[in-house]
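Below you'll find the structure, written out as structure tokens, and then a few comments.
Predicted, not measured: the structure shown is a model, and the values here were computed from it. Each chain gets a letter, A, B and so on, in the order its sequence line appears, and its residues count up from 1.
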Number of protein chains: 2
Amino acid sequence: MLNDEKTVLSHECEGCPIRHRAVCARCESDELERLEEIKYYRSFEAGQTIIWSGDRMEFVGSVVSGIATLTQTMEDGRTQMVGLLLPSDFVGRPGRDGSPYDVVATTDLVMCCFRKRPFEDMMSTTPHIAHRLLEMTLDELDAAREWMLVLGRKTAREKIASLLSIIARRDASLNLRPTQGALVFDLPLTREAMADYLGLTLETVSRQISALKRDGVIELEGKRHVTVPDFSRLLDEAGDDNDGGMLA
Amino acid sequence: MLNDEKTVLSHECEGCPIRHRAVCARCESDELERLEEIKYYRSFEAGQTIIWSGDRMEFVGSVVSGIATLTQTMEDGRTQMVGLLLPSDFVGRPGRDGSPYDVVATTDLVMCCFRKRPFEDMMSTTPHIAHRLLEMTLDELDAAREWMLVLGRKTAREKIASLLSIIARRDASLNLRPTQGALVFDLPLTREAMADYLGLTLETVSRQISALKRDGVIELEGKRHVTVPDFSRLLDEAGDDNDGGMLA
DNA sequence: TCGCGCGCTTGATCTGGGTCAATGAAACCC
DNA sequence: GGGTTTCATTGACCCAGATCAAGCGCGCGA
């Protein structure tokens, strides 16, 4: 389903939404060149903090491979993850200097970055880049608000199912077992990181995963490898409206 | 405080971020005229639903007076408020047709609207309007993520204090009693609406408000009129970093 | 090969906030 | 002025999930 992007690539950068979704299809070649000039890659190791809350951010960019998280922490140590960044997700706040949360690489991570100042200049002179940024920010806002429902009103079991279905949707869409509609994927987060995302403790996460396994909603091989035999069942458990069409 | 609206109507519109923050300072006069052409006002009564989740939205705009909320509901009736719209807040998703949540007027409400299609056209030809939209969307995103911390990790008492401090900041900054740094404001929400915003029940909201009153953090006159004798005390209760500068 | 540490699981117990139910108190309307 | 409605408070009890604590299993370095 993403194959046609390749035809557009000319320079590939798998997972970079600026190039793929906004630039390639519509940019003039000199815009592509200017982007190319301010672009660079950075790698991070699992566990490394990319930006501390309050730090100046010198770049915007997007995740190419691996997982990053946005995390807020209270003085007494309580932490809440406020964003989960999977490949192709955008990081950065054009027009703002600081980051209001920690950005952490939870797995080994590669990012495709653009130097911030020149990127902002391009943005202000290239309407469709600005437009794409707005699109992406609206997507993030929708995701944040959906997550507010999860945090505020769902039970622990529903929270786990919600998280699994999000990861499944994003991560497993290519690993679909087409013969039977089962999804297979690896959990990219520790139990503790899941707890931080879900507003739970790691013990509760562990218990609820065990419960979902016991009830046949998921199958586990090792601690991280998940098979979802029936995705709509998982959506039911998540309490989501399941209009069924999603995997059609 | 909004009386001057009348004097201003032909041009300025108190509480409209498009005109005030983005357009007036930087727009050419023909842009102002075009905006004027597609602008209109709408009034709603307390309790009225402005847009149902899934509905097509024909306008974008901003709150002039009154309070609106964004609400998500699960099939079984659990509801979570995902946005609180005070005067000057923006409503709308340029580039998108439907609303993913209910928009409800919780008090009598006046909105300043722009017809959506022509507004989008203007946006794509007027970079600084697009830029302002991005700014506002980033603000909303920050607010949503801050609220995720509230929902996921704070206690009931901290949640109430957080909500009060947000309303105080927005609503009471003009009603400051300068002699003593006390803040006075009216709660614009029922206990139930507060509960929906905070991921609590209305009983818990009521109990915690009583507790804050008993402990002298707030004073109540009637059910809705609040005095905060010491704002930094309230911030402490909210668990927020209180760097003190806010009211300086 | 052993031991050590980290990620995870599971059990026992505790508690914050939910649930259910009764009462109070304004506002409003005959 | 009394009845109805809506919003809020308060009490008694309960339970989902937190907390505290004990192991398990696997990878890794010596």
Are any side-chain N or O atoms of A/S99 and backbone N or O atoms of A/Y101, one a donor and one an acceptor, separated by less than 3.5 Å? yes
In whole angstroms, the gap separating C1' of C/dG18 from CZ of B/R191 amounts to 18 Å
Regarding A/D142 and B/R96, does a basic nitrogen lie under 4.0 Å from an acidic carboxylate oxygen? yes
Across all chains, not counting sequence neighbours, the side-chain contact (heavy atoms from CB on, under 4.5 Å) partners of A/K223 are A/R191
Salt-bridge test for A/R207 and A/E203: reply yes if a basic N is under 4.0 Å from a carboxylate O, no otherwise. no
Would B/R145 and A/E140 pass as an ion pair if we require N to O under 4.0 Å? yes
side-chain hydrogen bond (donor to acceptor under 3.5 Å, both in side chains) partners of residues 76-86 of chain B, not counting sequence neighbours, each pair once: A/E158-B/R78, B/D76-B/R78, B/T79-B/D196
Answer yes or no: does a side-chain N or O of A/R224 lie under 4.0 Å from OP1 or OP2 of C/dC8? yes
How close or far is atom C1' of C/dT9 from atom CZ of A/R207, stated in whole angstroms? 9 Å
What's B/L202 touching, base or sugar-phosphate or nothing? Going by heavy atoms closer than 4.0 Å. base
Reckon B/G199 touches a base, only the sugar-phosphate, or nothing at all at heavy-atom distances under 4.0 Å? sugar-phosphate
Assert: residue with more 5' nearest nucleotide on DNA chain C, out of A/M194 and B/A156, is A/M194
Pick base, sugar-phosphate or nothing for B/S210, based on heavy-atom distances below 4.0 Å to the nucleic acid. sugar-phosphate
With distance as the sole test, does B/D230 use its side chain to make a donor-acceptor pair with the main-chain N or O of B/S232 at under 3.5 Å? yes
Tell whether A/R214 reaches the base of C/dT9 with its side chain through a donor-acceptor pair below 3.5 angstrom. no
Letter by letter from the 5' end, nucleotides 24-29 of chain C scores (B base, S sugar-phosphate only, - none; protein heavy atoms under 4.0 Å) ------
Value in whole Å for how far the P atom of C/dT15 lies from CZ of B/R157: 18 Å
Ion pair check, A/D215 and A/R233, cut-off under 4.0 Å: no
Double-helix bend of the helix from C/dT1-D/dA30 to C/dC30-D/dG1, axes at both ends from 5 pairs, round to 10°, gives 30°
Here the pair of heavy atoms bringing B/S88 nearest to B/S62 is O-CB, 4.3 Å
Walking along DNA chain D from 5' to 3', note the first and the last nucleotide with an atom under 4.0 Å from a heavy atom of chain B, and give both. D/dA8 to D/dA12
Given atom CG of A/L220 and atom P of C/dC8, what is their separation to the nearest angstrom? 11 Å
Does a side-chain heavy-atom distance below 4.5 Å link A/Q72 with A/M81? no
For C/dG16, does OP1 or OP2 lie under 4.0 Å from any side-chain N or O of B/T155? no
A/E203 vs A/R153, nearer the 5' end of DNA chain C by closest nucleotide: A/E203
A/S206 side chain near C/dC8 phosphate (N/O to OP1/OP2, under 4.0 Å): no
Please check: side-chain N/O of B/R214 versus main-chain N/O of B/I209, any donor-acceptor pairing under 3.5 Å? no
Under the side-chain contact (heavy atoms from CB on, under 4.5 Å) test, residues paired with B/Q208 that sit two or more places apart: B/A156, B/R157, B/I160, B/T204, B/A211
